[in-house]
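Hydrogens, waters and symmetry mates are skipped; everything else that's a heavy atom, side chains included, is used. Order of the sequence lines sets the chain letters (A, B, ...), proteins ahead of strands, with each chain counted from 1.
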Amino acid sequence: MKEQLTVLLQQALDTLIAQGVLPADTRPQIQIDRSRDKRHGDLACNIALALAKAAKRKPRELAELICDALPADPLVTRTEIAGPGFINFFLSADSNQAVIRRILEQGRTFGTSTTGAGRKVQVEFVSANPTGPLHVGHGRGAAVGDSLCRLLAATGWHVASEFYYNDAGAQIDNLALSVQARCRNVSPDDPEWPQDGYRGDYIRDLAQAYLRGDTVDAEDRHVTGSGRADDLDDIRQFAVAYLRREQDLDLKAFAVHFDEYFLESSLYRQGAVEATVERLIGNGHCYERDGALWLRTTDFGDDKDRVMRKREGGYTYFLPDVAYHLNKWQRGFERVINEQGADHHSTVTRVRAGLQALDQGIPEGWPEYVLHQMVTVMRDGAEVKLSKRAGSYLTLRELIDEVGRDATRFFLVARAANSQLTFDIDLALSQSNDNPVYYIQYAHARSCSVMRKLEEQGWQWQPQSALQHLDQLQEEHEKSLLRQLDRYPEVVENAALHSEPHTLANYLRDLAGDFHTWYNAHKMLVEEEAVRDARVALSQAVGQVIANGLDLLGVSAPEVM
RNA sequence: GGGGGUAUAGCUCAGCUGGAUAGAGCACCGGCCUUCUAAGCCGAUGGUCGCAGGUUCGAAUCCUGCUACUCCCGCCA
């Protein structure tokens with residue numbers, strides 16, 4: 001609808017240019033906004049305010065001229081000039097009601113677009129090292145990252161999801177030593193316990209499984225434990241597989257899927273790390289100091305230079321990170337979005353600097369980052385304390401078991417990533433309108449219930465004939481709902497474009513609120529057939545949009561509650 | 001000390017990327033009411049958008065400088 005209006009406005013401006021009212025070189029950005037206030041019509045345009053100076057006229061006067069030059073169109077019933085010079089458009093009832101037809105015809109595809117045009121985008125998220133179960137912070141990454149994938153796919157991108165992890169570094173050695181200690185019945189408080197060992201109880205379970213000779217099947221590896229406590233390498237293999245399997249189960253419980261699991265070790269095996277170092281040295285961005293090899297990242301906006309190769313010869317994590325991202329670039333991803341905890345923010349500049357130093361024509365802002373802030377968990381009005389030293393923390397799976405997948409996903413995705421999040425378990429569990437998940441799902445269930453009730457009463461409802469009666473939707477509540485429904489495709493588009501899935505969550509809460517209000521105010525299953533047809537059509541449309549939107553958040557839309 | 005993030009109603013948070021009188025839910029207050037599903041419904045009150053400047057027709061939104069909270073700042077990952 002905005003597009004049609006833009007065309008009309010452009011024609012009006014062309015006319016004014018031809019008449020000499022506007023300078024010939026006017027290249028205006030036509031911006032059309034939805035009116036917040038009903039009295040300001042349906043859509044508003046600020047073009048007269050923006051062009052007033054160029055036209056050397058008062059904004060209202062120019063607005064008048066634009067309106068006069070506007071071609072007539074059945075879409076627009078009338079225009080009005082308001083405030084400092086806004087042009088308000090009042091659209092025909094017909095065009096407002098047409099959204100229901102679009103929704104019912106398009107069904108599950110309503111709200112999707114082809115904006116991405118099949119271009120390749122990769123979303124990397126979670127990327128937890130296999131040293132323990134996933135915690136709530138990983139859950140936030142999983143919820144946000146997976147929703148981003150869904151949003152991008154819905155807007156026409158070719159999406160690949162990826163999980164990156166280190167299966168061979170110092171932390172994994174540490175893991176193996178911890179498991180070995182447990183195999184030998186050493187406890188975290190014993191003097192022989194390894195320095196910085198992983199103290200959690202899961203290490204004990206892991207050790208027992210190893211000693212039993214269990215076989216573990218993870219998504220990307222399969223290992224049988226030998227049970228030999230002396231074989232540290234075997235323990236390492238087993239421990240990584242075991243914890244990867246645990247994480248797979250966590251992700252499965254969360255309905256999150258990855259197309260690719262990428263191993264840091266593979267970069268070394270393929271020589272990608274060496275090749276990257278040589279390239280960086282060859283480009284003259286490196287120097288030696290104190291026996292270490294440094295990259296001059298300050299040339300690319302970092303606040304200090306970074307060590308790439310340590311004095312003892314090993315590489316810092318930063319170098320494989322650069323090699324990894326070069327690999328992503330070579331795989332042809334036009335966009336790469338990395339979803340990570342905000343504590344990794346310092347790597348952003350570093351990785352981008354490294355990529356620039358490679359001189360491969362990689363854009364400066366590539367890759368994109370979505371960084372999420374910390375999650376704290378509340379239960380019974382008090383913060384659930386997480387003790388890293390004792391290795392005790394609330395795992396993602398425990399949270400899902402307690403409040404369910406839908407509530408967990410919704411709560412973790414419903415807040416802007418870059419603000420801190422408090423997860424209120426009591427709220428997530430409550431079946432009341434305080435709980436947005438319940439509130440939204442209930443709106444969907446209600447819309448389904450109306451249909452069931454209709455059939456019980458022996459009434460017929462056919463979309464084709466119902467669509468003939470949309471002019472019956474005259475109540476204010478119905479008009480607000482129509483406006484709300486009409487926004488949905490834009491909401492999806494913007495959420496995908498700006499990597500902000502929380503805006504979709506907010507939208508759904510608003511839509512559900514409008515639906516409940518309408519439901520309370522007006523009976524749908526009235527005797528009068530035309531009115532009933534139209535209202536059921538609206539109810540169906542709302543249910544469809546809620547189902548579509550919830551799906552993009554990875555939340556189910558139950559038909560009965 | 002350097003950097004990231006945040007700051008909006010008593011509380012939890014929105015605010016469509018610069019638009020018109022800043023919104024919602026809780027809480028509080030006043031009415032109504034038990035329904036096509038069982039979250040009751042309607043309304044009122046409540047704001048120096050952290051502070052101070054700047055940019056322009058117009059700023060919660062952009063820029064600069066402060067303040068508070070928070071996270072990061074290793075030849076760990």
Side-chain angles (χ1 to χ4, degrees), chain A residues 31 33-37 39-40 44-46 48-50 52-53 58-59 82-86 88 129 131 165-166 169-172 174 196 264 289-294 302-304 306-318 320-321 341-349 369 371-374 414-420 422 424 427 430-436 438-439 441-443 445-446 448-454 456-457 487 490-491 493-495 497-498 500 502-503 505-507 509-510 512-513 516-517 519-526 532 535-536 539 560-561:
Chain A
Q31 182 193 333
D33 295 309
R34 248 163 247 285
S35 309
R36 195 177 304 165
D37 190 327
R39 285 168 301 180
H40 297 145
C45 185
N46 62 357
L49 289 160
K53 202 170 252 177
K58 289 178 183 159
F86 291 103
N88 292 333
N129 280 341
T131 54
Y165 70 97
N166 174 1
Q171 294 189 26
I172 301 298
N174 195 11
D196 299 324
E264 182 180 348
R289 196 178 73 200
D290 305 333
L293 183 67
W294 297 69
D302 204 353
D303 55 349
K304 51 184 163 187
R306 306 291 167 176
V307 170
M308 297 195 308
R309 192 171 58 217
K310 297 179 262 187
R311 196 179 332 180
E312 42 85 356
Y315 295 111
T316 60
Y317 74 94
F318 148 66
D321 266 6
D343 52 344
H344 290 86
H345 91 263
S346 57
T347 70
V348 175
T349 323
Y369 284 84
L371 302 178
H372 65 257
Q373 299 288 328
M374 296 229 305
R415 191 125 306 161
N418 53 12
S419 67
Q420 292 179 32
T422 303
D424 186 339
L427 179 59
S430 79
Q431 300 210 338
S432 73
N433 66 347
D434 301 353
N435 180 348
Y438 182 80
Y439 192 65
Q441 289 183 322
Y442 184 45
R446 250 184 174 171
C448 296
S449 155
V450 166
M451 199 49 105
R452 285 192 296 271
K453 202 78 188 174
L454 177 107
E456 275 172 32
Q457 305 231 353
R487 275 182 60 207
E490 283 171 43
V491 170
E493 200 70 51
N494 280 319
L497 180 65
H498 299 113
E500 291 181 332
H502 77 281
T503 55
N506 287 328
Y507 166 81
R509 194 170 35 82
D510 289 346
H516 287 308
T517 303
Y519 183 96
N520 284 309
H522 304 286
K523 200 172 164 79
M524 294 180 201
L525 301 181
V526 293
R532 187 175 71 232
R535 288 186 177 168
V536 171
S539 164
V560 183
M561 284 174 74

Any base atoms under 4.0 Å from [X], or only sugar-phosphate, or nothing? Heavy atoms, all strands.
{"X": "Asn88(A)", "value": "base"}
{"X": "Thr503(A)", "value": "sugar-phosphate"}
{"X": "Ala416(A)", "value": "sugar-phosphate"}
{"X": "Ala445(A)", "value": "base"}
{"X": "Asn46(A)", "value": "base"}
{"X": "His372(A)", "value": "nothing"}
{"X": "Arg532(A)", "value": "nothing"}
{"X": "Gln441(A)", "value": "nothing"}
{"X": "Ala521(A)", "value": "nothing"}

query = Taking for each residue the nucleotide of RNA chain B with the nearest heavy atom, is it Pro59(A) or Thr422(A) whose nucleotide lies nearer the 5' end?
reply = Thr422(A)
ask   = Considering heavy-atom distances to RNA chain B, does Leu525(A) or Glu490(A) have its closest nucleotide positioned more toward the 5' end?
value = Glu490(A)
Does a nitrogen or oxygen in the side chain of [X] sit under 4.0 Å from OP1 or OP2 of [N]?
{"X": "Asn506(A)", "N": "rA14(B)", "answer": "no"}
{"X": "His502(A)", "N": "rG15(B)", "answer": "yes"}
{"X": "Lys453(A)", "N": "rU37(B)", "answer": "yes"}
{"X": "Arg36(A)", "N": "rA20(B)", "answer": "yes"}

remark   = The contact string for nucleotides 38-46 of chain B, one letter per nucleotide 5' to 3', using protein heavy atoms under 4.0 Å with B, S and - for base, sugar-phosphate only and none, comes out as BB-SS----
ask   = Which letters describe nucleotides 71-77 of chain B, given B = protein heavy atom under 4.0 Å from base, S = only from sugar-phosphate, - = neither?
value = SSS-BSB
query = Which whole-number value in Å describes the distance from Tyr369(A) OH to rG5(B) P?
reply = 15 Å
Quick one: pull up [atom1] in [X] and [atom2] in [Y] and give me the separation to the nearest 0.5 Å.
{"X": "Asn494(A)", "Y": "Glu500(A)", "atom1": "CG", "atom2": "CD", "result": "8.5 Å"}
{"X": "Glu493(A)", "Y": "Arg487(A)", "atom1": "CD", "atom2": "CZ", "result": "14.0 Å"}
{"X": "Tyr165(A)", "Y": "Thr131(A)", "atom1": "OH", "atom2": "OG1", "result": "12.0 Å"}
{"X": "Phe86(A)", "Y": "Asp33(A)", "atom1": "CZ", "atom2": "CG", "result": "8.0 Å"}
{"X": "Thr316(A)", "Y": "Trp294(A)", "atom1": "OG1", "atom2": "CH2", "result": "10.0 Å"}

From the set [options], return the single nucleotide nearest to any side-chain atom of [X].
{"X": "Met524(A)", "options": "rU6(B), rA20(B), rC36(B)", "result": "rC36(B)"}
{"X": "Arg415(A)", "options": "rA14(B), rA20(B), rU17(B)", "result": "rA14(B)"}
{"X": "Arg39(A)", "options": "rU21(B), rU17(B), rA14(B)", "result": "rU21(B)"}

message = Quick check against the 3.5 Å criterion: does Asn88(A) have a side-chain atom that pairs as donor or acceptor with the backbone of Ala44(A)?
response = no
task = Please test Tyr369(A) against His345(A) for side chain to side chain contact (heavy atoms under 4.5 Å, CB included), starting from the C-alpha separation and ending with a verdict.
result = CA-CA 9 Å; Tyr369(A) 284 84; His345(A) 91 263; over 6 Å; no
ask   = Hey, are the side chains of Val560(A) and Arg452(A) touching, using non-hydrogen atoms and a 4.5 Å cut-off?
value = yes
request  = In sequence, state the C-alpha distance, the side-chain angles, and the governing distance for Val450(A) and Lys453(A), and then conclude on side chain to side chain contact (heavy atoms under 4.5 Å, CB included).
outcome  = CA-CA 5 Å; Val450(A) 166; Lys453(A) 202 78 188 174; 5.7 Å; no
key: Cation-pi geometry met for Arg446(A) and Tyr519(A) (6.0 Å, 45°)   = yes
query = Is RNA chain B part of any stem, that is, at least 3 consecutive Watson-Crick or G-U pairs with both distances under 3.5 Å, and where?
reply = B:1-7 with B:67-73, B:10-13 with B:23-26, B:29-32 with B:40-43, B:50-54 with B:62-66
